[in-house]
Amino acid sequence: MLTNWPEGVEKRVLERVDSTLSEADRVAGTLSSPCWILALEQTAARGRRGRPWSMPKGNFAATYVMQPVEQPEQVALRSFVASLALNDAFVAATGRVESFALKWPNDVLLNGGKVAGILLERTGMGHLSIGIGVNLADAPATAEVEPGAVAPVSLQGETGVLLTPESFLNLLAPAYAHWEAQFTTYGFEPIRTAWLARAARLGEVIRARTVSDEWTGTFETVDETGQLVLLTAKSRVAIPAADVFFEGA
């Protein structure tokens, strides 16, 4: 795995900010190159669908800001790029390949618990912001997550490895640069193949829920557009976005 800071990528480390995603939105128009924005403390972090994101002290919160050139549906596939980069960073930090798995659409699991989450947002300037939160030192209480969701865990709690946020970024940034180069050079297919090799609950029964619908079925694959494919009792269903729950978890 690459360990040097990627060429042509800026790094900004902030002691305190409302949210790295909000900061990315504010500064995107002034950037001349891709940039990682790392915050040591966030006061108003957020997750998917506007949900609050808990950030105990010592945890990781960063946003990667870039100017994509692809169509919107292809740009969104960078959640898979970020997932693979996180997986590589975790393995580099711990040496534990089998302990980590990728949960569709945007989480990383450690020993079955959620250790990291990803959130993509587009700015008014056309930039893409990839927000990443990692439970390095501590995990939020289970009561803070949605009922039925995967319980949060921390890297330190599960492995005994404690990294500073900046040390973790120094592993994540080159890993992301590697997978970004794969994506821009070869398209989504190698990303999809690599992601499926690390997918949580592939071939098992899971539940996917949107605001208006819910499906239970066998997790068959992720298709060439990044959609979750479930084989239900009635049909084969491709789902573009949903919250995923594991049966029997």
Side-chain angles (χ1 to χ4, degrees), residues 1-48 50 53 55 57-90 92-93 105-108 115-136 155 163-186 188 191:
M1 177 182 162
L2 300 173
T3 56
N4 296 323
W5 188 262
E7 185 177 353
V9 176
E10 186 183 348
K11 175 168 65 173
R12 299 185 182 185
V13 180
L14 307 176
E15 287 292 328
R16 191 170 189 262
V17 73
D18 51 355
S19 159
T20 59
L21 281 165
S22 297
E23 178 69 8
D25 194 38
R26 287 189 289 264
V27 305
T30 69
L31 297 175
S32 58
S33 62
C35 179
W36 281 100
I37 300 171
L38 173 69
L40 304 183
E41 181 184 357
Q42 287 191 127
T43 59
R46 62 184 185 275
R48 291 184 68 220
W53 176 274
M55 187 187 167
K57 187 176 181 180
N59 283 357
F60 179 88
T63 292
Y64 183 68
V65 195
M66 63 172 299
Q67 182 83 63
V69 297
E70 302 88 359
Q71 294 299 311
E73 62 273 13
Q74 295 171 304
V75 171
L77 296 173
R78 282 188 171 84
S79 62
F80 295 92
V81 176
S83 293
L84 289 168
L86 277 166
N87 184 84
D88 282 359
F90 283 130
N106 52 13
D107 293 337
V108 181
V115 69
I118 301 161
L119 178 62
L120 270 60
E121 292 186 353
R122 295 299 297 265
T123 73
M125 303 293 295
H127 288 75
L128 173 69
S129 296
I130 305 173
I132 296 175
V134 180
N135 300 327
L136 289 179
L155 185 69
L163 295 177
T164 66
E166 193 162 2
S167 294
F168 186 76
L169 180 59
N170 289 338
L171 295 174
L172 178 61
Y176 184 87
H178 166 75
W179 289 110
E180 173 71 19
Q182 293 291 304
F183 180 63
T184 56
T185 303
Y186 303 109
F188 181 55
I191 303 299

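- Residues passing the salt bridge (Lys or Arg N to Asp or Glu O under 4.0 Å) test with Arg26, sequence neighbours excluded: Asp18, Glu23.
- If you take CD on Glu121 and OG on Ser22, they are separated by 7.5 Å, rounding to the nearest 0.5 Å.
- Within the 4.5 Å cutoff, the side chain of Leu120 has heavy atoms near those of the Leu128 side chain.
- For the pair Glu166 and Lys11, the minimum side-chain heavy-atom distance is below 4.5 Å.
- Rounding to the nearest 0.5 angstrom, the gap separating the OG1 atom in Thr63 from the CD1 atom in Ile132 is 8.0 Å.
- For the pair Phe60 and Leu172, the minimum side-chain heavy-atom distance is below 4.5 Å.
- At a threshold of 4.5 Å between non-hydrogen side-chain atoms, the residues Val65 and Ile37 count as touching.
- Between Ser129 atom OG and Arg122 atom CZ the span is 9.5 Å, to the nearest 0.5 Å.
- With no hydrogens or angles considered, a side-chain donor-acceptor pair links Glu180 and Tyr176 at under 3.5 Å.
- Partners of Trp179 under the side chain to side chain donor-acceptor pair (under 3.5 Å) rule, at least two apart in sequence or in another chain, are Asp88.
- One finds the CG atom of Asn106 at 7.0 Å from the OG atom of Ser83 (value rounded to the nearest 0.5 Å).
- Scored by the ring-ring contact (aromatic ring centres under 6.0 Å, His included) test, Phe183 finds no partners at all (sequence neighbours excluded).
- The backbone N or O of Thr20 lies less than 3.5 Å from a partner atom in the side chain of Gln42, making a donor-acceptor pair.
- Looking at Leu171 and Leu163, their side chains come closer than 4.5 Å, going by heavy atoms from C-beta outward.
- Using a 4.5 Å heavy-atom cutoff, the side chains of Pro174 and Pro6 are in contact.
- In this structure, CD1 in Ile191 is found 5.5 Å from CG in Leu84, a value given to the nearest 0.5 Å.
- Note on ring orientation: taking the six-membered ring where Trp is involved, the planes of Phe168 and Phe90 are tilted (angle from 30° to 60°).
- Side-chain contact between Ile130 and Arg78 is present, with at least one heavy-atom pair separated by less than 4.5 Å.
- Within the 4.5 Å cutoff, side-chain heavy atoms of Pro165 are placed close to those of Leu40.
- When every heavy atom of Pro105 is checked against every heavy atom of Ser79, the shortest pair comes out as O-OG, 3.8 Å.
- Once rounded to the nearest 0.5 Å, the distance linking CG of Asp25 with OG1 of Thr123 reads 5.5 Å.
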